[in-house]
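What follows is a set of notes on a single structure, which appears directly below.
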Protein chains: 2
Amino acid sequence: MERPLRRDAQRNRDALVAAAREVLAERGLDAPLEAVAKRAGLAIGTLYRHFPERGDLIDAIVGEKVTGWIELAQESLELPDPWEGLVSFLERTCELQSRDRAFTELACLSHLDDRAEVNRLIERLVARARRAGSLREDVGVTDLALFVIANSRVAEVDPGRWRRHFHLMLDALRPRSE
Amino acid sequence: MERPLRRDAQRNRDALVAAAREVLAERGLDAPLEAVAKRAGLAIGTLYRHFPERGDLIDAIVGEKVTGWIELAQESLELPDPWEGLVSFLERTCELQSRDRAFTELACLSHLDDRAEVNRLIERLVARARRAGSLREDVGVTDLALFVIANSRVAEVDPGRWRRHFHLMLDALRPRSE
DNA sequence: GTTAACCTGAGGCATCCCCTCGACTTAAGG
DNA sequence: CCTTAAGTCGAGGGGATGCCTCAGGTTAAC
């Protein structure tokens with residue numbers, strides 16, 4: 001049923017996806033599709049041939065990013081030390097934000113269904129860290145969300161300094177008396 | 001030389017400035033001027049009669065906001081307790097951000113000349129708090145700027161919770177051992 | 001060589017915001 | 001009142017930007 005794409009068509013399709021990754025990272029989820037085509041060195045018509053609806057291309061990229069984020073959370077859960085696990089997740093999330101505007105948008109500004117999955121994992125990261133006494137007792141998932149949201153602007157405005165801010169915030173998460 | 005405005009003209013001019021305050025607070029510094037006219041219940045032509053260049057109206061509002069911010073810093077410096085002074089400044093700044101998008105933009109995203117004045121005052125707030133031992137030694141003006149920048153996004157995305165985030169951040173500013 | 005698949009990019013459409021200007025309205029002074 | 005200069009109105013011209021289509025030229029594949 002599914003005829004394979006002609007070789008050049010396949011190459012172009014791949015180029016479009018790669019270009020979309022770059023452009024969305026730079027300009028966010030509603031970057032103009034013409035910028036994507038241009039980056040891929042193709043005409044806008046070609047883009048529409050492969051992805052007739054705006055959603056098609058964007059969805060592909062968003063899917064990738066969400067999957068990547070979920071994997072990140074899972075890997076962090078597998079780290080033996082609970083505190084390190086939590087820090088690893090937060091730090092790498094913040095780093096993604098500093099380099100990928102589209103990721104930032106879906107991480108803190110949108111309300112995807114897929115976020116539910118990540119939220120569950122974050123809850124486990126938090127519960128584990130708290131049980132180990134590494135996290136302030138009154139800090140919950142919501143607070144970490146605020147944390148990530150806060151970083152999104154810092155990373156945007158001053159990409160060279162988000163890490164400094166990040167470490168200050170981490171200090172706020174530790175229990176008061178050691 | 002300066003004929004006074006006709007009474008209705010003066011009333012309209014005032015209405016425009018008031019409308020601009022509201023609209024800029026809601027939509028940021030580059031809100032469409034037509035929204036301002038509409039809010040004032042006037043036609044766009046009237047707005048242009050009073051403020052022939054875009055800058056004229058915006059500048060008036062920006063001026064107000066900067067002045068207000070400087071006054072806030074001065075008041076905070078006059079509080080007897082250094083830590084309270086710093087907190088007061090930060091908290092009221094964050095609160096302004098939560099209600100005024102134009103303020104947010106000029107407070108963390110732009111590079112006005114007038115910011116110099118505020119920066120000097122902030123430096124004094126910081127120096128004073130540190131001398132009193134209320135502030136972590138390694139925290140400087142830059143860190144507070146990041147703090148304010150961070151809040152701007154939190155206040156935008158989740159206006160009901162910026163205060164919670166604010167208090168967590170304050171904890172990060174205190175010296176480690178009490 | 002044939003042909004179906006593919007590529008191209010100018011251009012029509014829509015949205016948004018800028019600002020102007022000629023016709024109309026009204027405050028203010030006599 | 002009446003005059004008139006000051007003020008108001010809002011349709012509309014102009015420029016950006018982005019979406020998407022389609023007629024005509026190109027090329028992979030057999």
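By convention in this document, chain letters (A, B, ...) are assigned in the order of the sequence lines, proteins followed by strands, and residues within each chain are numbered from 1.
dT25(C) atom C1' lies 14 Å from atom CG of L42(B), rounded to whole Å. I44(A) places its CD1 atom 11 Å from the P atom of dT8(C), with the value rounded to the nearest Å. Between the P atom of dA5(C) and the NE2 atom of H50(A) lies a distance of 14 Å, rounded to the nearest Å. When rounded to the nearest whole Å, the span between CG of L5(A) and P of dA5(C) equals 12 Å. As a whole-Å value, the separation of L33(B) CG from dT20(C) P is 12 Å. E53(B) places its CD atom 21 Å from the P atom of dC17(C), with the value rounded to the nearest Å. As a whole-Å value, the separation of R49(B) CZ from dT20(C) P is 13 Å. Rounded to whole Å, the distance from CD on Q10(A) to P on dC7(C) is 11 Å.
The residue among G45(A) and D30(A) whose nearest nucleotide of DNA chain D lies closer to the 5′ end is D30(A). Comparing R6(B) and P52(B), the nucleotide of DNA chain C nearest to each residue sits closer to the 5' end for P52(B).
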* Full working for side chain to side chain donor-acceptor pair (under 3.5 Å) between S76(A) and S88(A) -> CA-CA 6 Å; S76(A) 301; S88(A) 150; 3.3 Å; yes
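More than 12 heavy atoms of other residues, nucleotides or ligands shown are found within 6.0 angstrom of CZ on R136(A).
Here chain A contacts DNA chain D (any atom closer than 4.0 Å to a heavy atom, that is under 4.0 Å), and the contacts span dG18(D) to dA29(D) from 5' to 3'.
At the phosphate of dC6(C), neither OP1 nor OP2 sits under 4.0 Å from any side-chain N or O atom of N12(A).
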